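Note that the structure is a prediction, hence the values are computed from the model and not measured. All chains are named by letter (A, B, ...) in the order of the sequence lines, taking the proteins before the strands, and each is independently numbered beginning at 1.
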There are 2 protein chains.
Amino acid sequence: MDQLIPNQTIQDYLKHIYNLTQNGQPANTNTLAERLDLRPGTVSEMINKMAKLEPPLVDHQKYQGVRLTPAGGKMALKVIRRHRLIETFLVKVLGYSWDMVHEEACRMEHIVSDEFEARIASMLGEPSHSPHGEPIPTSALAMPPFYEHTLASLTTGQYATILQVPDSDPGLLRYLSSIGFTPGSKVTVLNHSPFDGNLMVTVNDGNASHVVGLPITSKIYVKKMDS
Amino acid sequence: MDQLIPNQTIQDYLKHIYNLTQNGQPANTNTLAERLDLRPGTVSEMINKMAKLEPPLVDHQKYQGVRLTPAGGKMALKVIRRHRLIETFLVKVLGYSWDMVHEEACRMEHIVSDEFEARIASMLGEPSHSPHGEPIPTSALAMPPFYEHTLASLTTGQYATILQVPDSDPGLLRYLSSIGFTPGSKVTVLNHSPFDGNLMVTVNDGNASHVVGLPITSKIYVKKMDS
DNA sequence: AATAATATTTAGGTTATCCTAAATTAATTA
DNA sequence: TAATTAATTTAGGATAACCTAAATATTATT
């Protein structure tokens, strides 16, 4: 399996294409370029190269965006598994705070061995989710089902348990933990503002209430509870 | 400190120049090329570039070999510290066998953060030596003194405690542990053969004896005991 | 449907790191 | 010391991954 994994650059492309195609749509060049912090021309070139590898890692017809082939999908899941296992490892074993693990995992994911991956997974008890609640593909590269509902879909009076928060913005993660928004927390919507989408919520039935906007609530996945 | 560390290629040059200049002699291009698995022309070029960085990392006059500058020496020690800390971590925390850690450490040493280095060092109790007995520079980058005597310097009847074995050859490491040659073991020389340098030894006063040649004994450092 | 706006690709160029092979310098031997 | 051998450097090139800017295709708007 190791020898099938291509270089770091391509691994990053695979990860981002995977994320961008989760909605069923192909990933487009510009969005990919933005995520990778590269210029569109560079991405266009590399996509072409990835489509010509043997086996091809992506499906691509000119101007029509890009999708992962089965081979590309496997490799993407392998990288994602490593990333999330490493994040979990850094928090649980080395005591990192959850806002400091993403960057470190982004570097480590490309260079650790299968051995390292297997050892930390075993030490952690084959975890199914990262500290941010992101699902970890199994060692057979099966991805757990995605969560359906975001916090943004709740309305006044409803409550829910937080399942997953976005992992890559340290400032946001520090803010979320400061208001108690961590996987497992129960949030109750005191008020849903229909025009701007803001939610006023309490966490774990506490006294403090917080107003949180759509850019945040639309990226937090929850399990809805009866209300 | 982090921003002073140059890229992976240069880190590897620094490490090898450090090792090759321990005897007081400058490192020469061909030896360096061999260690780095590159062609001499490539090394010559890169040495030149490293000498022109600001601050320069190496001293070099044409045809006269290369030495580290104080800046280069610090960086070399930083990389060596990381390498040996990571080896220790892999053995002590993740349960690797000592023959499997070198390669993994060679990749990890270039990408982990100061944070990672500090956390594993603290978790391990600021270790002074790797599992192979190699000294670990302190966080202030002070290198413990080198060991003076190798196993090859013992003669018939002498005995000694093993302090350090070479870390990078997995096959050799498996052989060494199979005969009990690990740091802390006591070896007694039953016979020293003056022509070929072979030593016949027992380990920890056991029954079995082993004949070990110069290529091995000259790379194992020991503490001589009274004989 | 024609035009304007946007997205994508292509063309030509840069830099880092490697290579081989030729040229040069240093070291060794006759 | 001259000639030979060995080590080192230089010259010229290759490749991967990036860039900018121009060209082209698609999509949206009038």
Side-chain angles (χ1 to χ4, degrees), chain A residues 3-17 19-21 23-54 56-68 72 75 79 106-107 109-111, chain B residues 3-17 20-21 23 25-54 56-68 72 75 79 106-107 109-111:
Chain A
Q3 79 288 358
L4 287 180
I5 290 246
N7 68 30
Q8 174 161 342
T9 303
I10 288 179
Q11 287 181 40
D12 278 330
Y13 276 79
L14 291 171
K15 233 178 20 167
H16 283 103
I17 296 168
N19 287 137
L20 289 170
T21 51
N23 58 7
Q25 294 303 115
N28 39 259
T29 306
N30 272 356
T31 319
L32 208 39
E34 205 175 298
R35 299 282 175 103
L36 289 160
D37 195 21
L38 298 171
R39 292 333 111 218
T42 306
V43 171
S44 204
E45 217 175 36
M46 183 63 75
I47 289 304
N48 221 273
K49 181 177 153 189
M50 289 169 71
K52 281 180 185 142
L53 290 175
E54 195 46 56
L57 301 180
V58 296
D59 277 332
H60 174 63
Q61 16 251 5
K62 277 189 192 175
Y63 298 97
Q64 297 312 124
V66 64
R67 291 174 194 276
L68 296 177
M75 289 180 193
V79 180
C106 274
R107 292 191 306 272
E109 67 193 10
H110 304 297
I111 57 99
Chain B
Q3 80 285 357
L4 287 181
I5 292 248
N7 68 30
Q8 175 161 341
T9 303
I10 288 181
Q11 287 179 42
D12 278 330
Y13 276 78
L14 291 172
K15 234 181 14 169
H16 282 102
I17 296 169
L20 289 171
T21 51
N23 58 5
Q25 294 304 114
N28 41 257
T29 307
N30 271 358
T31 320
L32 208 40
E34 205 175 297
R35 300 281 175 103
L36 289 160
D37 195 21
L38 297 172
R39 291 335 111 219
T42 307
V43 171
S44 204
E45 216 175 33
M46 183 63 75
I47 289 303
N48 220 273
K49 182 177 153 190
M50 288 170 70
K52 282 181 184 140
L53 290 177
E54 197 46 55
L57 301 179
V58 295
D59 277 334
H60 174 63
Q61 16 252 3
K62 277 190 192 175
Y63 298 97
Q64 297 311 128
V66 64
R67 291 174 194 276
L68 296 177
M75 288 179 195
V79 180
C106 275
R107 292 191 307 273
E109 67 193 11
H110 303 297
I111 57 97

Whole Å only: how far is the CD1 atom of B:I47 from the P atom of C:dC18? 12 Å
Contact summary for B:L32 and B:H16, nearest pair of heavy atoms: CD1-CB, 3.7 Å
Starting at atom CG of B:N48, determine the distance to atom P of C:dT17, rounded to an integer number of angstrom. 14 Å
Strictly below 4.0 Å: does A:N7 bring a side-chain N or O up to OP1 or OP2 of D:dA17? yes
Answer yes or no: does a side-chain N or O of B:K62 lie under 4.0 Å from OP1 or OP2 of D:dT10? yes
Check every atom of D:dA16, D:dC19, D:dA25 against the side chain of A:K49 and return the nucleotide holding the closest atom. D:dA16
N/O donor-acceptor pair under 3.5 Å between B:H60 side chain and B:R67 backbone: no
note: A:E45, atom CD; C:dT14, atom P; distance rounded to Å ~ 15 Å
Kindly point out which of C:dT9, D:dC19, C:dT25 is positioned nearest to the side chain of A:S44? C:dT9
Could you give the CE-to-P distance, from B:M46 to C:dC19, as a whole number of Å? 11 Å
Please classify the nucleic acid contact of B:T9 as base, sugar-phosphate, or nothing, using heavy-atom distances under 4.0 Å. sugar-phosphate
Gap between atoms CD and C1', on B:Q64 and D:dT9 respectively (whole Å): 13 Å
Taking OP1 and OP2 of C:dC18, is either one under 4.0 Å from a side-chain nitrogen or oxygen of B:T42? no
Looking at side-chain heavy atoms only, is the closest gap between B:E109 and A:I111 below 4.5 Å? no
Counting only side-chain nitrogens and oxygens, does A:T29 get under 4.0 Å of the OP1 or OP2 atom of C:dT9? yes
Would you say that more than 12 heavy atoms from the other residues, nucleotides or ligands in this model lie under 6.0 Å from the CZ of B:R35, or not? no
Return the value, rounded to whole Å, for the distance between atom CE of A:M50 and atom P of D:dA16. 15 Å
With a 4.5 Å limit on heavy-atom distance, are the side chains of B:M50 and B:L14 in contact? yes
Take atom NE2 of A:H60 and atom C1' of C:dT8, then tell me their distance rounded to the nearest Å. 8 Å
I need the CD-C1' distance between A:Q11 and D:dA17, as an integer number of Å. 15 Å
Closest-nucleotide 5' rank along DNA chain D - winner of A:G41 and B:N30: B:N30
